[in-house]
Amino acid sequence: VQLQASGGGLVQAGGSLRLSCAASGRTFSSYGVGWFRQAPGKEREFVGGIGWSSSTTYYADSVKGRFTISRDNAKNTVYLQMNSLKPEDTAVYYCAADKTPRWGVVAGYDYWGQGTLVTVSS
């Protein structure tokens, strides 16, 4: 599975962005997908994840109620809708996939996209 994250950019605090994670491979629908982010000088952290059927989603406390993860298996794409953005959301955002992901664990995913930069100005 190859992943391509896109949709990052510069946005003012309080604004919104939608990130996309496009995947190659016919079996993408059987993979769970996680979103992570890494701010300068900090460790990569879990943002949220979605199971293969969309019936299960997980979110970090820091983004709960502001971010929403969804997927369209027909398009092999997972989305991260980010609302009410804060300067502390500034980071490179990565998507990752695994058939049996350990959701909050960086090492719990076999496949990673290249990352897309989100910058939130105050």
Side-chain angles (χ1 to χ4, degrees):
V1 174
Q2 291 184 321
L3 304 175
Q4 177 86 25
S6 63
L10 174 64
V11 63
Q12 288 188 332
S16 298
L17 277 177
R18 188 177 79 159
L19 306 184
S20 298
C21 177
S24 64
R26 292 178 295 174
T27 61
F28 179 66
S29 59
S30 63
Y31 285 75
V33 174
W35 284 96
F36 289 76
R37 66 187 181 186
Q38 188 165 18
K42 295 188 176 181
E43 293 186 351
R44 194 168 297 189
E45 65 175 2
F46 178 71
V47 173
I50 187 166
W52 65 271
S53 69
S54 301
S55 62
T56 305
T57 54
Y58 305 90
Y59 296 96
D61 287 343
S62 59
V63 306
K64 203 171 291 183
R66 300 188 298 123
F67 291 10
T68 303
I69 299 173
S70 61
R71 69 188 298 162
D72 184 342
N73 285 336
K75 296 182 178 179
N76 276 4
T77 303
V78 171
Y79 304 99
L80 176 64
Q81 177 67 45
M82 306 185 295
N83 299 329
S84 302
L85 282 161
K86 304 175 181 180
E88 52 263 44
D89 294 319
T90 295
V92 177
Y93 283 71
Y94 300 88
C95 58
D98 198 280
K99 284 197 170 183
T100 55
R102 289 182 287 158
W103 292 108
V105 180
V106 171
Y109 298 79
D110 283 340
Y111 305 99
W112 287 83
Q114 86 290 358
T116 185
L117 176 64
V118 172
T119 304
V120 185
S121 63
S122 56

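Computed from a prediction, not measured in an experiment: that's the story for all the values here.
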The reported gap from CH2 in Trp103 to CH2 in Trp35 (rounded to nearest 0.5 angstrom) is 13.0 Å

**Request:** Could you state whether Leu19 and Tyr79 fall into the same hydrophobic cluster, counting links through intermediate Ile, Leu, Val, Met, Phe, Trp or Tyr residues with side-chain heavy atoms under 4.5 angstrom apart?
**Result:** no

Please check if Val92 and Leu10 belong to a single hydrophobic cluster, counting links between Ile, Leu, Val, Met, Phe, Trp and Tyr side chain heavy atoms closer than 4.5 Å. no

Exercise. If two hydrophobic side chains count as joined below 4.5 Å and joins carry through other members, does Val1 share a cluster with Tyr93?
Worked result: yes

When every non-hydrogen atom of Pro101 is compared with those of Gly32, the smallest separation belongs to CG-CA, 4.0 Å

Heavy-atom closest pair (Tyr109 atom, Val33 atom, distance to 0.1 Å) is CE2-C, 4.5 Å

Heavy-atom closest pair (Trp52 atom, Ser29 atom, distance to 0.1 Å) is CB-O, 3.0 Å

Output for pair (Leu85 CG, Thr90 OG1), nearest 0.5 Å, gives 8.5 Å

Expected output: side-chain Asp98 to main-chain Asp110 donor-acceptor under 3.5 Å
yes

Heavy-atom distance under 4.5 Å between the side chains of Val106 and Gln38, does that happen here? no

Here the gap from Gln114 atom CD to Ser6 atom OG, rounded to the nearest 0.5 Å, amounts to 8.0 Å

Practice item. Could you give me the CA-CA distance, side-chain angles and deciding distance for Leu3 and Tyr94, then say whether side chain to side chain contact (heavy atoms under 4.5 Å, CB included) is met? Key: CA-CA 9 Å; Leu3 304 175; Tyr94 300 88; over 6 Å; no

The reported gap from OG in Ser16 to CD in Gln81 (rounded to nearest 0.5 angstrom) is 5.5 Å

Open item on the list: Check for me whether Arg71 meets the cation-pi criterion with Tyr31, that is, NZ or CZ under 6.0 Å from the six-membered ring centre and within 45 degrees of the ring axis.
Closed with: no

Exactly one of Thr68, Ile69, Thr56 clears side-chain contact (heavy atoms from CB on, under 4.5 Å) with Ile50, and that residue is Ile69

Pair Lys86 + Asp89: basic N to acidic O under 4.0 Å: no

Next on the checklist: For the aromatic rings, using the six-membered ring if either is Trp, is the centroid distance between Tyr58 and Phe46 under 6.0 Å?
Outcome noted: no

Would the distance check show the side chain of Thr116 and the main-chain N or O of Ala5 forming a donor-acceptor pair, the cut-off being under 3.5 Å?
no

Value for CG (Asn76) from OG (Ser20), rounded to nearest 0.5 Å, stands at 12.5 Å

*asked:* Using a 3.5 Å distance criterion without hydrogens, assess whether the side chain of Thr77 forms a donor-acceptor pair with backbone atoms of Lys75.
replied: yes

Interatomic distance, CZ@Phe67 vs CZ@Arg37, rounded to 0.5 Å, equals 5.5 Å

inquiry  = Let's go through Met82 and Arg66 carefully: what are the C-alpha distance in whole Å and the side-chain angles of both, what is the deciding distance for side chain to side chain contact (heavy atoms under 4.5 Å, CB included) to 0.1 Å, and is it a yes or a no?
reply    = CA-CA 6 Å; Met82 306 185 295; Arg66 300 188 298 123; over 6 Å; no

